[in-house]
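Report on one structure; see the data block that follows.
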There are 2 protein chains.
Amino acid sequence: MTLRMTRQRAAVTELLDDIDDFRSAQQLHELLRGRGDAVGLATVYRTMQALADAGEVDVLRSADGESRYRRCRERGHHHHLVCRSCGATVELAADVVERWARQVGADYGFADIDHTAELTGICSACAARQRSAAEAAR
Amino acid sequence: MTLRMTRQRAAVTELLDDIDDFRSAQQLHELLRGRGDAVGLATVYRTMQALADAGEVDVLRSADGESRYRRCRERGHHHHLVCRSCGATVELAADVVERWARQVGADYGFADIDHTAELTGICSACAARQRSAAEAAR
DNA sequence: CCCCTCTTTGAGAATGGTTCCCATGTCAAC
DNA sequence: GTTGACATGGGAACCATTCTCAAAGAGGGG
Ligand SMILES: [Zn+2]
Ligand SMILES: [Zn+2]
Ligand SMILES: [Zn+2]
Ligand SMILES: [Zn+2]
């Protein structure tokens, strides 16, 4: 029952301190290897799953079906706005959405409502980069 | 470029007429086989992908990573409320969410905002069924 | 410190949904 | 009909994730 502190788990949580985007288990595995903290891929998967179950990381499924993980500042429930180009991520409190979910559940007689709501877009830095690239090609 | 009408594509679109829940490609394949309309699994995948690209079906990824498809009444953009127990589905117009997405995009300087927002819950029929099952076990 | 026990690890195999390959079938334009 | 581009399907390939199980190691009680 006691979660033991191992070199591997320490390496993963340290890595998460230095990362601000959603990353897949495979990317984390590669990053760990790059730092010299070799950790088995299966262990990365297990650790991220445990952290997700404990609510310490958020999980997002990318379009290609990969799970990506991120340790957010906000521990409680929230949503995300992610740049499709560079991955920059903003954490969002969204009372409007919480109210909408509850209201819709009540309207249709559904109990135990759960919801997901995620935004993607192009951040201003990436938009600027794209504009100047387009100009250079002119 | 021209989409040809084949026996297989006809069988799939006919099947979709008779279904009101989100179903996986494999489930659709099995259902077609059950009707006597044998269609290759690869073809079901290709057809659903094409229909999704054309906006004729909506795609939802279940928790276990399977893509599930549904031909909705509403052709345009909308969201869903799905029963986790029986799969019953309600289509939702959600202006609140659309406004929220636009507003957040503007607030953080993100362009080309896209969003997903899906609700799950237990429909009243399933809730009643669960209540009487719990009572019988008492 | 040293055991002893029980958790954790990791390499490779297994799984399972989805896509690819390509020889063969078939729509539809002329 | 003839023809050629498009579609089909069975099985192999792909790939993220999970499983297996023997070996390593955390950590509490002596
Ligand atoms: Zn960006
Ligand atoms: Zn929320
Ligand atoms: Zn239900
Ligand atoms: Zn919407």
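- Linking Ile, Leu, Val, Met, Phe, Trp and Tyr whenever their side-chain heavy atoms come within less than 4.5 Å puts A:I113 and B:V97 in one cluster.
- Taking only side-chain atoms of B:R4, from C-beta outward, the nucleotide of D:dA7, C:dT8, D:dA16 with the closest atom is D:dA7.
- A salt bridge links A:E91 to A:R70: one of the charged nitrogens lies within less than 4.0 Å of a carboxylate oxygen.
- Separating the CD atom of B:E30 from the C1' atom of C:dG17 is a distance of 15 Å, rounded to the nearest angstrom.
- Annotation: ring-ring contact (aromatic ring centres under 6.0 Å, His included) contacts of B:F22 (sequence neighbours excluded): B:H80.
- At whole-Å resolution of the value, CD in B:Q8 and P in D:dC6 are 17 Å apart.
- Taken together through direct or relayed side-chain contacts under 4.5 Å among Ile, Leu, Val, Met, Phe, Trp and Tyr, B:M48 and B:V82 form parts of separate hydrophobic clusters.
- Using a distance-only test at 3.5 Å, with no hydrogens or angles considered, no donor-acceptor pair links the side chain of A:E118 to the main chain of A:L60.
- Under the 4.5 Å side-chain heavy-atom criterion for Ile, Leu, Val, Met, Phe, Trp and Tyr, A:L51 and A:L15 are members of the same hydrophobic cluster.
- Here C:dT9 presents its P atom at 12 Å from CG of A:L32, a figure rounded to the nearest Å.
- The CG atom of A:D21 sits 7.0 Å away from the SG atom of A:C86 when rounded to the nearest 0.5 Å.
- A:R9 contributes a side-chain N or O that, together with a main-chain N or O of A:R4, makes up a donor-acceptor pair within less than 3.5 Å.
- For A:T6, no side-chain nitrogen or oxygen approaches OP1 or OP2 of D:dG25 to under 4.0 Å.
- One can place CZ of B:R7 at 11 Å from C1' of C:dT26, the figure rounded to the nearest angstrom.
- Checking side-chain atoms of B:R71 against main-chain N and O of B:T13 turns up a donor-acceptor pair under 3.5 Å.
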N/O donor-acceptor pairs under 3.5 Å from side chains in residues 38-46 of chain A, not counting sequence neighbours:
{"from": "A:T43", "atom 1": "OG1", "to": "A:R46", "atom 2": "NH2", "distance (Å)": "3.3"}
{"from": "A:Y45", "atom 1": "OH", "to": "A:Q26", "atom 2": "NE2", "distance (Å)": "3.4"}

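- In this structure, A:R7 does not pair ionically with A:D37, as no charged nitrogen and carboxylate oxygen lie closer than 4.0 Å.
- Within residues 55-64 of chain A, no residue has a heavy atom under 4.0 Å from DNA chain C.
- Per the geometry, NE2 belonging to B:H29 stands 13 Å off P belonging to C:dG17, to the nearest Å.
- When A:D20, A:V57, A:T89, A:D58 are each tested for a side chain to side chain contact (heavy atoms under 4.5 Å, CB included) with A:C72, only one passes: A:D58.
- Atom P of nucleotide D:dG27 and atom CG of A:L3 are separated by 11 Å, given to the nearest angstrom.
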Nucleotide N/O of nucleotides 28-30 of chain D paired with protein N/O under 3.5 Å:
none

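- At whole-Å resolution of the value, CD in A:Q27 and P in D:dA16 are 10 Å apart.
- B:W100 and A:W100 fall within a single hydrophobic cluster, where Ile, Leu, Val, Met, Phe, Trp and Tyr are joined by side-chain heavy atoms under 4.5 Å apart, directly or via other members.
- At the heavy-atom level, A:S24 lies nowhere under 4.0 Å from the strands shown.
- Over its full length, the helix from C:dC1-D:dG30 to C:dC30-D:dG1 turns its helical axis through 30°, comparing axes from the five pairs at each end and rounding to 10°.
- Using a distance-only test at 3.5 Å, with no hydrogens or angles considered, no donor-acceptor pair links the side chain of B:R23 to the main chain of B:L31.
- Within residues 33-53 of chain B, the residues that place at least one heavy atom under 4.0 Å from DNA chain C are, in residue-number order, B:A42, B:Y45, B:R46, B:Q49.
- Toward the 5' end of DNA chain C, the nearer of the two residues B:Q26 and B:M5, judged by each one's closest nucleotide, is B:Q26.
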